[in-house]
Amino acid sequence: MNVVLQYLHLLLLIPFLDHASSNTIPVFNAIYSFGSSYEDAGNMAILAPTAPGFWNVLNPPYGETFFNLPTGRASDGRLVIDRIADYLGFSFIPPSLAQGQDFSKGANFAIFGSTALNYTFFQQNNIRNTHLHNTSLSVQIEWFENQKPSICNTTCVEHFTKSLFALGKFGDNDYLYMLSGGKTIEFVNSTVPVVVETIRSAAERLLKQGVMHLVVAGVRPNGCVPVVLTNFASTNRSDYDSLGCLKVYNNIGIYHNTLLCSAVKQLRLEFPQAKISFSEHYKPLIDFVSNPSKYGFTSGTQLRACCGTGEPYNYNLLASCGHAGVPACPNPSTFINWDGIRLTDAAYDIIADGWLKGPYADPPILDLPILDLPIFVL
Ligand SMILES: *[C@@H]1O[C@H](CO)[C@@H](O)[C@H](O)[C@H]1NC(C)=O
Ligand SMILES: *[C@@H]1O[C@H](CO)[C@@H](O)[C@H](O)[C@H]1NC(C)=O
Ligand SMILES: *[C@@H]1O[C@H](CO)[C@@H](O)[C@H](O)[C@H]1NC(C)=O
Ligand SMILES: *[C@@H]1O[C@H](CO)[C@@H](O)[C@H](O)[C@H]1NC(C)=O
Ligand SMILES: *[C@@H]1O[C@H](CO)[C@@H](O)[C@H](O)[C@H]1NC(C)=O
């Protein structure tokens, strides 16, 4: 066989090969991310740095573990998206609202406090919250669509085919705003299918624009998070599970994730060429809380914030992390939770690893095959 024939032979085989069994790292040409304070890498710091409920994120000790200064990330260090970008060979993905940035290697549209549902939903239901702004998922996708001409202009489909898109954790804020706004658990539960449908349709909107590699994240167990344990504390012991988490809020999360997982399966049928990964916040947090020492966290602190004040969860809205005189624990890497709501650099690292390699994503990101013809190898 001559060289050309050999090459043709290879070319025919390659589309059917899967990277799953190899140790190669997929080569994406860009990463685009959407989300809320679990993913925001500086957008809120640009849009509304003095917003109530946010300004304290711009004070130390936020950022102390990795950046040595507050960056607008609601953690002591890096977020899941930062770790994934690093692993895939990217530097930090710039916040989409940053001026004068080159977004051709990616942009992070996530912003603090975001919801899946539109702002108008909360207005119409008379739900107010200082963290609530008009920055819902559909607004972020609109930002993305408006930025497209400067990202890829006439070659977007080509560009997106090899980009990684991540729809971060949407839904937890929707449910918490409703609960803080006095809505019943039955009301909240009745909105779960609507929230999930909103996320599904946002994913579909991206897939219709040529996106081929998409990560869709589920919600966390809200009932294990210090802010919820504090604000919705119950005197009835049977409201708590064996881990000390509030069952009813976790059940909302389980319901949401079950519906979202089905929605992802439906999208895979609708877009058979696209690779869609369902990624978890629920399972890792339950794993950490169930067996903290296995993951390097100090046993006994698993439901406490590292940075904060107040008993028994070290959380108090009026004296939370970033307020003057509020201390952080001496070693944040031994804590799961950073500020009562978001997680530590250490916890996000384990979650990112589980999304890249399993077991916290299905399929793991490293197993997303990229159609990669070796045209330039000749
Ligand atoms: C929210 O922002 C979107 C997009 O910028 C805009 O179309 C919409 O009118 C805004 N909604 C409200 C209630 O301000
Ligand atoms: C997009 O491409 C068109 C046609 O090539 C060109 O006229 C236009 O200036 C480009 N726009 C941007 C924002 O680069
Ligand atoms: C929420 O609704 C679903 C579907 O109707 C139901 O199966 C589930 O028990 C409900 N959960 C709560 C916490 O009310
Ligand atoms: C609400 O969100 C949907 C997407 O779920 C979008 O199509 C619609 O334009 C939004 N409406 C408003 C009033 O922002
Ligand atoms: C505690 O909760 C359980 C289960 O929801 C309920 O059956 C019981 O009546 C509650 N007890 C009190 C004292 O309210």
Side-chain angles (χ1 to χ4, degrees), residues 34-36 40 43-44 46-48 51-52 95-97 107-150 170-202 205-206 209 218-225 228-229 231-263 266 282 286:
F34 304 83
S36 58
D40 184 346
N43 268 347
M44 194 65 169
I46 296 165
L47 187 74
S96 62
L97 300 178
N108 187 345
F109 297 88
I111 187 159
F112 198 86
S114 287
T115 53
L117 298 175
N118 288 349
Y119 193 58
T120 45
F121 169 87
F122 297 93
Q123 288 182 316
Q124 281 163 4
N125 286 280
N126 206 20
I127 295 163
R128 290 165 220 291
N129 193 294
T130 52
H131 291 187
L132 183 58
H133 300 271
N134 184 18
T135 55
S136 66
L137 176 52
S138 70
V139 171
Q140 289 179 33
I141 301 224
E142 220 174 285
W143 289 349
F144 161 70
E145 286 166 356
N146 292 339
Q147 235 167 57
K148 267 170 72 173
S150 72
F170 284 96
D172 282 327
N173 287 337
D174 299 65
Y175 305 136
L176 290 184
Y177 294 153
M178 293 178 208
L179 290 164
S180 312
K183 298 297 178 193
T184 63
I185 203 77
E186 290 75 22
F187 177 89
V188 175
N189 199 47
S190 74
T191 67
V192 172
V194 188
V195 169
V196 169
E197 168 53 25
T198 305
I199 299 169
R200 191 206 62 80
S201 84
R205 191 163 151 189
L206 291 173
Q209 295 177 62
V219 292
R220 72 189 167 206
N222 261 335
C224 300
V225 177
V228 173
L229 287 162
N231 293 351
F232 302 100
S234 170
T235 52
N236 188 340
R237 289 182 64 102
S238 61
D239 289 339
Y240 294 87
D241 66 15
S242 61
L243 299 174
C245 303
L246 281 162
K247 288 189 274 197
V248 74
Y249 308 106
N250 283 3
N251 289 341
I252 295 282
I254 292 171
Y255 181 35
H256 173 105
N257 289 337
T258 305
L259 294 187
L260 187 59
C261 190
S262 308
Q266 198 185 321
Y282 197 101
I286 294 292

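Residues: numbered from 1 along the sequence shown. The figures here come from the full heavy-atom set of this structure, side chains too, leaving out hydrogens, waters and symmetry mates. Read the numbers this way: they start at 1 and go in the same order the structure lists the ligands and their atoms.
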Got [X] and [Y] here, is their nearest side-chain heavy-atom distance under 4.5 Å?
| X | Y | value |
| --- | --- | --- |
| F170 | T115 | no |
| N108 | N43 | no |
| R205 | S138 | yes |
| W143 | L97 | yes |

| query | Below 3.5 angstrom, do we get any N/O pair linking D239 and ligand 5? | reply | no

| Which atoms of ligand 5 have any heavy atom of S238 under 4.0 Å away? | 1 (C), 2 (O), 3 (C), 4 (C)

| query | With a 3.5 Å cut-off and no angle check, do the side chains of Q140 and S114 form a donor-acceptor pair? | reply | yes

| task | Please work out whether the ring planes of F232 and Y249 are parallel, tilted or perpendicular, with thresholds of 30° and 60°. | result | tilted

List every atom of ligand 1 that sits less than 4.0 Å from any heavy atom of [X], numbering the atoms from 1 in the order shown and giving each element.
| X | answer |
| --- | --- |
| E142 | 4 (C), 5 (O) |
| Q123 | 13 (C) |
| Y119 | 13 (C) |

| task | Identify which one of D239, I252, D241 satisfies the side-chain contact (heavy atoms from CB on, under 4.5 Å) criterion when paired with K247. | result | D241

| said: Looking only at protein heavy atoms, which one is nearest to atom 12 (C) of ligand 5, and what is the separation? | reply: N236 ND2, 3.3 Å

| request: Look at atom 5 (O) of ligand 3 and say which protein heavy atom is nearest, naming residue and atom and giving the distance to 0.1 Å. | output: Y255 OH, 4.2 Å

| Contact check: N134 vs ligand 1, nitrogen or oxygen atoms, below 3.5 angstrom | yes

| field | atom 9 (O) of ligand 5 touched by protein heavy atom at under 4.0 Å | value | no

| Considering V192, L259, N189, which one's heavy-atom position lies nearest to atom 2 (O) of ligand 3? | N189

